[in-house]
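Report on the structure given below.
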Amino acid sequence: MRYLLLLNALVSVYSVTAQITEEFSDGDFNDGIPLTWISSQISGSNDFIIDAEELRNDGPSASSKVFISTDLGLDLANSDISWIFNARYTGGSPSNNNNIEIYLISDRSDLTDSPSGYYIRMGENGSGDGIDFYSTASGKLIEDSNDLVSSTLNVTIRISRTNDGVWTLEADNAGGSSLTNIGSIQDLDFTSGDYFGFLVSHTSSNNDNFFFDNVIIDITPVADTTPPAILSVSAISD
């Protein structure tokens, strides 16, 4: 009976969903509640601040790339995971000089240091700005054919991944909760990564115009459905 109880307990553990929520409501992203964030300091101090319970870039008054990241240590191979967050830009339409890359997983905290992983990018040359999904190994995986952020950027994004590598990207380009499917793809370039974070490229006049909020990461470990098998039997006494 005790073996059956142990088996049931293990199955219960592997079916529990964990949720990480960061709303930037306490005014301090370094206190470890609920997460500890690492910011670039190109401006001489942290290049991000919390402004009215939103995370905002506060970079140098020059064209630059600034980042902020946090260590999550996600295991994609054995979990179903979804990432939800809000992002907005108050400097007009995004561009190749004013853009965001949101790293879902990265192998390093410094997102300016050629990280490996998956990210969503908003902002490019021309007027065809969309919400596009990339792998650093394979390039663009999902392209936003509707150019949802070509005129303004105030979005809610949800991207999910099943444990077998099927990604689904959804967004509301009005910043609400009415999500529209942008696309799906299966990709297995990376199955683990320690860091999640935001990388902002800005010009001198947009060093404080990017905002982020309401980060939710849902993690559902996949249960082990393979039954045990007897490998050997031996008698240890009469």
Side-chain angles (χ1 to χ4, degrees), residues 22-24 40 42-43 47-69 82-104 106 111-112 117-136 138-161 167-185 196-217:
E22 175 65 272
E23 297 177 334
F24 304 106
S40 58
I42 299 173
S43 61
D47 294 322
F48 287 81
I49 63 171
I50 295 178
D51 181 359
E53 300 189 357
E54 286 183 289
L55 182 69
R56 174 172 67 77
N57 69 317
D58 191 37
S61 299
S63 296
S64 187
K65 285 189 175 185
V66 296
F67 75 87
I68 189 167
S69 63
S82 67
W83 297 257
I84 304 173
F85 50 86
N86 299 121
R88 64 188 183 95
Y89 169 53
T90 59
S93 58
S95 66
N96 195 52
N97 296 319
N98 291 289
N99 63 73
I100 309 169
E101 293 178 0
I102 302 98
Y103 275 81
L104 309 172
S106 165
L111 302 180
T112 66
Y118 294 104
Y119 64 95
I120 293 170
R121 180 183 169 108
M122 292 176 282
E124 59 186 65
N125 283 326
S127 59
D129 298 289
I131 304 169
D132 301 322
F133 175 52
Y134 290 80
S135 161
T136 59
S138 302
K140 188 182 293 185
L141 299 178
I142 298 176
E143 182 172 9
D144 174 11
S145 60
N146 293 317
D147 303 332
L148 290 176
V149 294
S150 59
S151 58
T152 184
L153 197 165
N154 181 16
V155 298
T156 301
I157 293 174
R158 180 180 189 271
I159 184 165
S160 59
R161 182 193 187 278
W167 295 85
T168 301
L169 177 60
E170 303 167 281
D172 181 345
N173 66 335
S177 58
S178 299
L179 300 175
T180 298
N181 186 286
I182 296 175
S184 296
I185 194 171
F196 167 87
F198 303 100
L199 174 63
V200 173
S201 298
H202 67 78
T203 57
S204 58
S205 59
N206 288 293
N207 64 324
D208 58 359
N209 286 334
F210 292 88
F211 296 80
F212 307 95
D213 203 2
N214 300 319
V215 177
I216 301 173
I217 301 173

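The figures here come from the full heavy-atom set of this structure, side chains too, leaving out hydrogens, waters and symmetry mates. Residue indices begin at 1 and follow the sequence shown.
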Minimum heavy-atom separation for [X] and [Y], please, with both atom names.
X      : Y      : answer
Phe48  : Val200 : CZ-CG2, 4.1 Å
Ala171 : Ile131 : CB-CD1, 3.6 Å
Gly197 : Leu111 : C-CD1, 3.6 Å
His202 : Pro60  : CE1-O, 3.2 Å
Asp213 : Glu23  : OD1-O, 3.1 Å
Leu104 : Trp83  : O-NE1, 3.5 Å

Pairs meeting criterion salt bridge (Lys or Arg N to Asp or Glu O under 4.0 Å) with involvement of residues 84-104, two or more places apart: Glu54-Arg88, Glu101-Arg121
Can you list every salt bridge (Lys or Arg N to Asp or Glu O under 4.0 Å) pair that touches residues 196-206, not counting sequence neighbours? none
Mind checking what makes ring-ring contact (aromatic ring centres under 6.0 Å, His included) contact with [X], not counting sequence neighbours?
X      : result
Tyr89  : Phe210
Tyr118 : Phe133, Trp167, Phe190
Tyr119 : Tyr103, Tyr134

Hey, what do you get for [atom1] ([X]) to [atom2] ([Y]), rounding to the nearest 0.5 Å?
X      : Y      : atom1 : atom2 : result
Ile157 : Ile102 : CD1   : CD1   : 5.0 Å
Leu169 : Ile120 : CG    : CD1   : 5.0 Å
Ile216 : Glu22  : CD1   : CD    : 11.0 Å
Phe196 : Ile68  : CZ    : CD1   : 10.5 Å
Glu124 : Asp132 : CD    : CG    : 6.0 Å
Ile142 : Ser135 : CD1   : OG    : 11.5 Å

Counterpart residues, side chain to side chain contact (heavy atoms under 4.5 Å, CB included), relative to [X] (two or more places apart):
X      : value
Ser201 : Lys65, Asn99
Thr203 : Ser63, Asn97, Asn98, Ser205, Asn206
Asn173 : Leu148, Val155
Asn181 : Thr168, Glu170, Ser184

Could you pull out all residues at least two apart from Ser106 that satisfy side-chain hydrogen bond (donor to acceptor under 3.5 Å, both in side chains)? none
Can you sort out the partners of Asn86 under side-chain hydrogen bond (donor to acceptor under 3.5 Å, both in side chains), two or more places apart, ordered by chain and number? Thr156, Asn214
Donor-acceptor pair, side chain of [X] and main chain of [Y], under 3.5 angstrom:
X      : Y      : answer
Ser61  : Ser204 : no
Asp58  : Asp208 : no
Asn207 : Gly59  : yes

Just do the side chain to side chain contact (heavy atoms under 4.5 Å, CB included) check on Leu153 and Asp129 with the steps written out, would you? CA-CA 9 Å; Leu153 197 165; Asp129 298 289; over 6 Å; no
Would you mind reporting whether Phe211 and Asp51 have side-chain heavy atoms less than 4.5 Å apart? yes
How would you list all residue pairs meeting side-chain hydrogen bond (donor to acceptor under 3.5 Å, both in side chains) that involve residues 142-151, not counting sequence neighbours? none
